[in-house]
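Side chains included, hydrogens not; waters and symmetry mates left out as well; all remaining heavy atoms used. Reminder, nothing fancy here: chain letters follow the sequence lines and each chain counts from 1.
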Protein chains: 2
Amino acid sequence: MKPTLRAVAEAVGVSRSTVSNAYGRPDQLSPQLRQRILETARQMGYPGPDPTARSLRRGFVGAIGVLFTSRLSYAFTDPFAVRFLTGVAEAAERHDSNLLLVPLPDDAVGARTAVENAAVDGFCVYCAGDEEGILDTIRGRGLPFVTTSSRPRADDLWVGIDERAAARSAATHLTALGHRRVALLGHDVLPDAPAGPLRVDDVADVPHPTTRDRLAGFADAFAAAGVAWSDLTVLTATDNTRVAGAAAVRSLPSLPEPPTAVLACSDVLALGALDVLRPDGEPGPRVSVTGFDDIAEAEAAGLTTIRQPGEAKGRSAATLLFDPPVDAAAGQILLPTTLVVRSSSGPAPRS
Amino acid sequence: MKPTLRAVAEAVGVSRSTVSNAYGRPDQLSPQLRQRILETARQMGYPGPDPTARSLRRGFVGAIGVLFTSRLSYAFTDPFAVRFLTGVAEAAERHDSNLLLVPLPDDAVGARTAVENAAVDGFCVYCAGDEEGILDTIRGRGLPFVTTSSRPRADDLWVGIDERAAARSAATHLTALGHRRVALLGHDVLPDAPAGPLRVDDVADVPHPTTRDRLAGFADAFAAAGVAWSDLTVLTATDNTRVAGAAAVRSLPSLPEPPTAVLACSDVLALGALDVLRPDGEPGPRVSVTGFDDIAEAEAAGLTTIRQPGEAKGRSAATLLFDPPVDAAAGQILLPTTLVVRSSSGPAPRS
DNA sequence: TTGAAAGCGGTACCAC
DNA sequence: GTGGTACCGCTTTCAA
């Protein structure tokens, strides 16, 4: 068993407070005494104050939690998520804080427990499925948090983009190119739906807030071009990954009237769609595909997409957490997006 | 202030133990009582047992730490590191554990403090600069850990590759192609050295263990081909990033006798070198470049490199941490590597 | 099934 | 500059 601070105190013949001060407040005791304490501590193999005990007493931990929906390993599967994390890490570092990555199980109770058990000083919520349930749990703990989802309460800290408007701009780009028969691709559009086309009566039924907003934005543009929601094909992918994106569009070409374009809710999905719909060197008319995020791979693939600032999103989120602004208005940061047109989108073929 | 378990106990009129059991050991009390407790707790806004206090009492945290040299945000800068993390995350998840990302400051005392203050049950050490100092600190805390560096002690848990042999195979590939005048590129080859060529009297002087082993491996192959260490150009990059790689090779072409090949210690460095030495479409003789890791970008760039299994490395490391094998021999896992030849390497031009 | 009491390892306020 | 002394909030024998 490792010796405790107490044991060191006894060995040196001073009080526990003094030993504690030797570590945490060097200026509270004479250098000689401090030296003597540190020396005996070393000899005894005392590893220094226990982090957990210290946290308990001090009332803060020195780490912030990042909450991810679905499995933690997925967090690294989407380059955009990695960029977000990079930004968070950067800010955390500046504040001498560690980062606790917390995977959220799919079930509500599991997620609740995960949030309740995380030893952190606050949370960055990245794209949680059951957003509201999670946020309530965090509020219950009385911890500060920052959301990146699309529907913040007025008094929540938030950093994000105008999802709907951004999505609309991508869709408008396609309507301008003449596309009218299109497919919208998102992940987890409806709970437990198998990959591929599915029927969605109302966008509002889509539980995942980001997916919902983006789909709604797509729909806005098509409505403006005279295409009703019910005329759009909705595709769901089982994950937000490239392979899932590919799987989701597999059946498209064999539809009676195949869409001339696919609008994806993320670049990874879009790239998967490209893998299937525009394999290298294939001749003939090509389906247009657009993505969302503008990850690094998008450029090489020539993917038309919506660019949003990933690192900045993470950095702003963490900064908001560490230095909450005094007035509520400054607690909501809207980041800009840009439509980046590349070769994956083109005019609709004459029908 | 949030109510405590104590307050709940008083409110319900039971002992603290009973309330504690209501959360952690449902079978220790009657369902009715438990229900009553949980209900009052909810009404009072009690968020459940405090994670820190629980950890202190129980003696374990439910999180493992991942140690990174240099700034934490760099952790995400190298795709190979991300793959490693993915593997760790996967295993951690399976063991219901969170991941604490711990950035290690460059200075020894800072690093020491970071390790001492991390509230975790064990560490995965990913490529730490002052490896030994760090490991000693961890040992001091009495926590289990897994290394991925190249010089494990016999009783340490370790997962890695044969760095030197792998590097040699890349270099042998180049000697076979006739290259004799080459440059070796690593990051932080010597402390605080500026980017570019530098003089290294002895490979053993290189502090970073991985860089050292890989350089040594390169040298092995050239020695076998009759090229002495002193005839090799050594380049250092200031970081393990693409831009740093580019900066490091900038001066190469203007040397009196420019090398015909660059062997980099990582893919990101190699890609940076390619950016400078083989810009798209440039005519004329081209410098050969090899990398290390085989990250996703390597394929698209046609980079000849050494492939090592990133996720498996992370997964094995974490698994070793969670389920330490009984016999020491099983605690050291050697992963395979492969030379992947692509278009970035070719025959040396006649001199 | 429930309660009492003893910590887990420290920190910080306040006297001396 | 140093020591005394309450806690921080919970878990866990062990006895009732």
[X] has an atom [atom1]; how far is it from atom [atom2] of [N], in whole Å?
X	N	atom1	atom2	value
Ile37(B)	dG3(C)	CD1	C1'	12 Å
Arg6(A)	dG3(D)	CZ	C1'	14 Å
Gln32(B)	dT2(C)	CD	C1'	14 Å
Glu116(B)	dG10(C)	CD	C1'	15 Å
Gln35(A)	dG1(D)	CD	P	17 Å
Leu5(A)	dG9(C)	CG	P	11 Å
Asn117(B)	dG9(C)	CG	C1'	14 Å
Arg54(B)	dG9(C)	CZ	P	18 Å

Handout entry: Close aromatic pair by centroid cut-off 6.0 Å: Phe68(A) and Phe84(A)
Key = no
Exercise for the section: Kindly assign one of parallel, tilted or perpendicular to the pair His95(B) and Phe322(B), based on the angle between their ring planes and the thresholds 30° and 60°. Expected result: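 If you compare the ring of His95(B) with that of Phe322(B), the planes turn out parallel.
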Handout entry: Student check: side-chain heavy atoms of Val159(B) and Leu335(B) closer than 4.5 Å
Key =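 With C-beta onward as the side chain, the pair touches.
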Exercise for the section: Could you pick out which residue, Tyr46(B) or Gln28(A), lies toward the 5' side of DNA chain D when each is mapped onto its nearest nucleotide? Expected result: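 Result of the comparison: Gln28(A).
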Exercise for the section: Report which part of the nucleic acid Leu56(A) touches: base, sugar-phosphate, or nothing (heavy-atom distance under 4.0 Å, all strands). Expected result: base
Problem - Touch class at under 4.0 angstrom, heavy-atom based, for Phe60(A) against every strand present - result: nothing
Exercise for the section: Using atom types as modelled and distance alone, determine if a side-chain donor or acceptor of Lys2(A) lies under 3.5 Å from a backbone N or O of Gly140(B). Expected result: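 It does hold such a pair.
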Practice task
Please check if the side chain of Thr113(A) supplies one atom and the backbone of Val109(A) the other of a donor-acceptor pair under 3.5 Å.
Solution key: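 Judged by distance alone, yes, a pair lies under 3.5 Å.
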Problem - Nearest-0.5 Å distance that lies between atom CD in Glu39(A) and atom CD in Gln35(A) - result: 7.0 Å
Handout entry: Contacts of type side chain to side chain donor-acceptor pair (under 3.5 Å), residue Arg315(A), not counting sequence neighbours
Key =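 Checked Arg315(A) against side chain to side chain donor-acceptor pair (under 3.5 Å); matches are Glu90(A).
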Handout entry: Contact list for DNA chain D against residues 7-26 of chain A - heavy-atom distance below 4.0 Å
Key =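 Correct list: Gly13(A), Val14(A), Ser15(A), Arg16(A), Ser17(A), Thr18(A).
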Fill in the blank from the handout: Comparing Ala53(B) with Leu29(B), nearest DNA chain C nucleotide closer to 5' gives the residue Leu29(B)
Problem - Side-chain donor/acceptor of Arg57(B) to base of dG7(C), under 3.5 Å - result: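 Check passes, donor-acceptor contact within cut-off.
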